[in-house]
There are 2 protein chains.
Amino acid sequence: MNILEKITQSKAAFSKSERKVAEVILANPQTAIHSSIATLAKMSDVSEPTVNRFCRRLDTKGYPDFKLHLAQSLANGTPYVNRHVEETDGPEEYTKKIFESTMASLEVARQSIDINVVNRVVDLLTQAQKISFFGLGASASVAHDALNKFFRFNVPVVYFEDVLMQRMSCMNCSEDDVVVLISHTGRTKSLVEIAQIARANDATVVGITSKNSPLARECNLVLSLEVPEDTDMYMPMASRIAQLTLIDILATGFTLRRGGKFRENLKRVKDTLRGSRFEKRTD
Amino acid sequence: MNILEKITQSKAAFSKSERKVAEVILANPQTAIHSSIATLAKMSDVSEPTVNRFCRRLDTKGYPDFKLHLAQSLANGTPYVNRHVEETDGPEEYTKKIFESTMASLEVARQSIDINVVNRVVDLLTQAQKISFFGLGASASVAHDALNKFFRFNVPVVYFEDVLMQRMSCMNCSEDDVVVLISHTGRTKSLVEIAQIARANDATVVGITSKNSPLARECNLVLSLEVPEDTDMYMPMASRIAQLTLIDILATGFTLRRGGKFRENLKRVKDTLRGSRFEKRTD
DNA sequence: AATAAGTTGTAAAATTACTACATTTAGTGC
DNA sequence: GCACTAAATGTAGTAATTTTACAACTTATT
């Protein structure tokens, strides 16, 4: 909540001297944050305690606290807002908007995540015999990415694009297998069926999806991501990014759980890639 | 410039005790701005003058001035600093850190993007006869995602995981084709070769990669993303997210350029998916 | 006009930040 | 390994800033 607005709004509740202080601050807030209470009192032609009382009336702890609030208000307001792209936007605008709304979505996602579930899923993954990642449409690339990450960990990891292959794979599941299903809406029929098949074969099913969705109801554990999606674009954007970040988190939890020696393995995998790359020039 | 970023950047220039202060502030900046220099000194287990010196090293007038800057940075929406995950971090910490460093990377990526190049790439894509997206390893899933997006636009779009298929596809390129190559490092040999093959066949090659890399030198246009990657984890994380966001931007630019009628098409594609989904419950 | 409620200022107390200097630590050459 | 130098850190005292307590003043009400 912006304190400058609050000052203008509360003007009526101020006394004569307090209003003088308000005027001076509104006239030149930048100066105000760099002044001491004595300077500001002199500028407003009131006494120091009056300035102090003025601050308290705005629900701040005192003058320094007030300056903090003021500084924050001046730091050009609300940045990462989920602003929608308009028909008339040029490259500059839509680039900015997409970056900002992606960041805003990540912020929302972060707050919606249940750490305890994350922890339990990491537990499950580290103990799994086989890990499967399945997603369809836009979530397929997320599953693909998960494959790439967990493959490096030298654990049996499975990923299929093909729905039939996914089904067959789940039919062969056993008790110690974990199946991770990714879907933004959680309403894709074939994926819900896959969850049922996997469950029927005693696998543990983890859903990265929206809570209270049909898919979520079929899962043993749900990592719910409540990310607002700009439906005007008819394309999933922010949800994927949040899902991927969650994959990063699971992968990180996995490596940490497995400990230091395991990390050395990872380094070996990375070093193996070196042969396929051009050396970095040292210029 | 954001003082939180400045702290992380100047970390090398700090002394041992000053670094202790930096850690405490980065770990909980919200607490820091509400603490006195004495409290902060105690929290960091250093003396008060050390905190003061720390502030001055960051080009602030002193502790109160530092707090002002800090408050502004926090208000500015970017409390997102690329902090590295530690061996000892619990689920709560690493989840927080990964989200924050992902957001920080997006912020960096945003600033490194050249809007003019974005615009020219969108131009190219809208006029292309055929669009190909190729990436290897972690970038494969990004190309996969691009396929999913551009496929909806009813343009011929190509994606292969297989290097040989990628090569063959590029051999058959012609003048009006655009090949988009995705690689964080830009030093993957086979991808550089694919760029050469595509160029030899008169296709326009767009690189989503690091500038001045071998791949970048083979491209007609380079969308450079300078994203810092946490190399301790030996896994690409932030780079992918930035690449995906860039794909979103290109896709958005594409739809905007094609105009309103085209957007209706997109809606049709989305509506077609409805049959494969459970209806949303209206409870 | 008297009184009460509210407002403002003075001066002293308390908190907070800063400076000067002493001590410790780390690094370098012999 | 020792002496010397430079850098880093802490101690204690000082200066500044803010806050409190209370007195003086203003305004409104009967």
Side-chain angles (χ1 to χ4, degrees), chain A residues 3 6-74, chain B residues 3 6-74:
Chain A
I3 200 140
K6 202 169 178 181
I7 295 173
T8 16
Q9 276 174 22
S10 329
K11 229 170 192 173
F14 291 147
S15 71
K16 212 193 308 174
S17 308
E18 283 167 350
R19 213 163 301 147
K20 280 200 254 177
V21 181
E23 297 293 352
V24 171
I25 289 168
L26 290 175
N28 207 339
Q30 281 296 346
T31 314
I33 60 170
H34 292 115
S35 312
S36 72
I37 195 168
T39 321
L40 189 58
K42 202 166 276 175
M43 284 197 292
S44 317
D45 194 33
V46 297
S47 70
E48 297 176 26
T50 301
V51 177
N52 194 282
R53 282 185 283 259
F54 165 85
C55 297
R56 299 231 167 117
R57 201 173 291 278
L58 291 158
D59 300 317
T60 62
K61 267 194 79 185
Y63 183 68
D65 189 41
F66 167 78
K67 281 211 292 190
L68 242 50
H69 281 264
L70 188 58
Q72 295 200 323
S73 300
L74 291 174
Chain B
I3 200 140
K6 204 170 177 181
I7 294 173
T8 20
Q9 278 175 22
S10 334
K11 228 170 195 174
F14 289 147
S15 70
K16 212 192 312 174
S17 306
E18 283 168 348
R19 212 163 302 148
K20 280 200 254 178
V21 181
E23 296 292 350
V24 171
I25 290 168
L26 290 176
N28 209 337
Q30 283 295 345
T31 312
I33 60 171
H34 292 114
S35 311
S36 72
I37 195 168
T39 320
L40 188 59
K42 201 167 274 175
M43 283 199 290
S44 317
D45 194 33
V46 298
S47 68
E48 296 178 27
T50 301
V51 177
N52 195 279
R53 283 186 282 258
F54 166 85
C55 297
R56 301 233 165 113
R57 199 173 291 277
L58 291 158
D59 300 316
T60 62
K61 266 192 79 185
Y63 183 69
D65 189 40
F66 167 78
K67 281 211 290 192
L68 242 50
H69 281 263
L70 189 58
Q72 293 202 325
S73 299
L74 291 174

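Throughout, protein chains are lettered first and strands after them, A, B, ... in sequence-line order, and every chain is numbered starting at 1. As the structure is a computational prediction, the values presented were derived from the model and not from experiment.
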Write down the protein N/O and nucleotide N/O pairs, taken from nucleotides 20-23 of chain D, whose separation is under 3.5 Å; answer none if there are no such pairs.
unit_1, atom_1, unit_2, atom_2, d
D:dT20, OP2, A:Arg56, NH1, 2.6
D:dT20, OP2, A:Arg56, NH2, 2.6

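For the pair B:Thr50 and D:dG10, the criterion of a side-chain N or O lying under 4.0 Å from OP1 or OP2 is met.
The side chain of A:Ser15 lies closest to C:dT8, out of C:dA17, D:dT18, C:dT8. Of the listed nucleotides (D:dG10, D:dT19, C:dA17), D:dT19 has the atom at the smallest distance from the side chain of A:Ile37. In this structure, of D:dT18, C:dT16, C:dG9, it is D:dT18 that holds the atom nearest to the side chain of A:Pro64.
Atoms CZ (B:Arg57) and P (C:dC18) sit 16 Å apart, rounded to a whole Å. To the nearest angstrom, C1' of D:dT18 lies 16 Å from CZ of A:Phe54. Between the CD atom of B:Glu48 and the C1' atom of C:dC21 there is a distance of 16 Å, rounded to whole Å. When the P atom of C:dC18 is taken as reference, atom CZ of B:Phe66 falls 12 Å away, rounded to whole Å. Rounded to whole angstrom, the span from the NE2 atom of B:His34 across to the C1' atom of C:dT16 amounts to 16 Å. Taking atom CG of A:Leu40 as the reference point, atom P of D:dT17 lies 13 Å away to the nearest angstrom. Between the NZ atom of B:Lys42 and the C1' atom of D:dT11 there is a distance of 15 Å, rounded to whole Å.
A 4.5 Å side-chain heavy-atom check between A:Lys20 and A:Val24 finds every atom pair outside the cut-off.
Shown here are the side chain to side chain contact (heavy atoms under 4.5 Å, CB included) partners of A:Ser36, two or more places apart in sequence or in another chain: A:Ala38, A:Thr39. Residues meeting the ring pair (Phe, Tyr, Trp, His ring centres under 6.0 Å) test with A:Phe54, sequence neighbours left out: A:Phe14, A:Phe66. Every residue two or more places apart in sequence or in another chain was checked for a salt bridge (Lys or Arg N to Asp or Glu O under 4.0 Å) with B:Arg19, and none qualifies. Here A:Ser47 pairs with A:Thr50 under the side chain to side chain donor-acceptor pair (under 3.5 Å) rule; sequence neighbours left out. By the side chain to side chain donor-acceptor pair (under 3.5 Å) test, A:Asp65 pairs with no residue at all, sequence neighbours left out. Take B:Asp59 and apply the salt bridge (Lys or Arg N to Asp or Glu O under 4.0 Å) test, not counting sequence neighbours, and it matches B:Lys6. By the side chain to side chain donor-acceptor pair (under 3.5 Å) test, A:Arg53 pairs with no residue at all, sequence neighbours left out.
Put simply, CD1 on A:Ile7 and CD on A:Glu23 are 10.5 Å apart, with the number rounded to the nearest 0.5 Å. The SG atom of B:Cys55 lies 10.0 Å from the NE2 atom of B:His69; values are rounded to the nearest 0.5 Å.
Note on the helix from C:dA1-D:dT30 to C:dC30-D:dG1: angle between the axes of the first and last five pairs equals 20°, rounded to 10 degrees.
DNA chain C is contacted by A:Lys16, A:Ser17 of residues 16-33 of chain A, taking any non-hydrogen atom closer than 4.0 Å.
Residues B:Ser36 and A:Asp45 each lie close to DNA chain C; by heavy-atom proximity, the contact nearer the 5' end of the strand is made by A:Asp45.
Pairs passing the salt bridge (charged side-chain N to carboxylate O under 4.0 Å, His left out) check and including a residue from residues 26-51 of chain A, sequence neighbours excluded, do not occur.
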Taking only distance into account, with no hydrogens and no angle test, what donor-acceptor pairs under 3.5 Å do side-chain atoms of residues 25-34 of chain A form with protein atoms, sequence neighbours excluded?
unit_1, atom_1, unit_2, atom_2, d
A:Asn28, OD1, A:Thr31, OG1, 3.0
A:Asn28, ND2, A:Thr31, OG1, 2.9
A:His34, ND1, A:Gln30, O, 3.2

